[in-house]
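Residue numbers start at 1 and run along the sequence shown.
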Amino acid sequence: MSEFTLGGYMQKHERAAAFGGSDGAAYSVAIYVEEEPDFRGMYGAALLFVRWSQSGDRPVGHLESETLAWGKTPEEAQERLETLSLYDVKAALDEAIASAPGAW
């Protein structure tokens, strides 16, 4: 897997990918997979963006993307998100920032 994908980056660097958001804040990203399947038997997966304080020493909030991938198993849903390019992850972050109600 290319290091320019979310999963490839995390595998190569052994840490979460981090981004500067369109709001000027620093974010790290994790993959969230639903614990239970939906009515179709599919597991949804989304991105969880942790917002960090200006000093970077503590989380101060988080944002979530919409459901971006589905799988017949939690592992399949996660693998599908891991193939997202880092550019697509950054776009999902900026979309989550734009649709967040209110300001920090």
What are the two closest heavy atoms between [X] and [Y], and how far apart are they?
X     : Y     : value
Tyr9  : Ala16 : CE2-O, 3.9 Å
Ile97 : Gly21 : CD1-CA, 3.7 Å
Val33 : Ala45 : CG2-CB, 4.0 Å
Ala46 : Thr67 : CB-CA, 4.3 Å

Main-chain N/O of Gly20 paired to Lys90 side chain as donor or acceptor, under 3.5 Å: yes

Taking the side chain from Ser53 and the backbone from Val60, do they hold a donor-acceptor pair closer than 3.5 Å?
-> no

Separation of [Y] [atom2] from [X] [atom1] (nearest 0.5 Å):
X     : Y     : atom1 : atom2 : value
Met10 : Thr5  : CE    : OG1   : 8.5 Å
Leu93 : Leu86 : CG    : CG    : 12.0 Å
Ile31 : Leu84 : CD1   : CG    : 8.0 Å
Glu95 : Asp88 : CD    : CG    : 11.0 Å
Arg51 : Arg58 : CZ    : CZ    : 10.5 Å

Just do the side chain to side chain contact (heavy atoms under 4.5 Å, CB included) check on Trp52 and Ser28 with the steps written out, would you? CA-CA 8 Å; Trp52 293 90; Ser28 56; 2.9 Å; yes

Contacts of Glu76 meeting salt bridge (Lys or Arg N to Asp or Glu O under 4.0 Å) (sequence neighbours excluded), chain-then-number -> Arg80

Does Leu48 belong to the same Ile/Leu/Val/Met/Phe/Trp/Tyr cluster as Val89, with side-chain heavy atoms less than 4.5 Å apart forming each link? no

**Asked** Given the rule that I, L, V, M, F, W and Y join up when any side-chain heavy atoms are under 4.5 Å apart, are Val50 and Tyr27 in one cluster?
**Response** no

Min side-chain heavy-atom separation Ser85-Phe4 under 4.5 Å: no

Sorted by chain and residue number, the side-chain hydrogen bond (donor to acceptor under 3.5 Å, both in side chains) partners of Tyr32 (sequence neighbours excluded) come out as none

(request) Check whether more than 12 heavy atoms from other residues, nucleotides or ligands sit under 6.0 Å from atom CD of Gln11, and answer yes or no. (result) no

Residue set satisfying side chain to side chain contact (heavy atoms under 4.5 Å, CB included) with Met42, at least two apart, ordered chain then number -> Asp38, Arg40, Trp70, Lys72

Going through the checks in order, is the side chain to side chain contact (heavy atoms under 4.5 Å, CB included) test met by Glu82 and Glu79? CA-CA 5 Å; Glu82 288 174 347; Glu79 287 172 8; 4.2 Å; yes

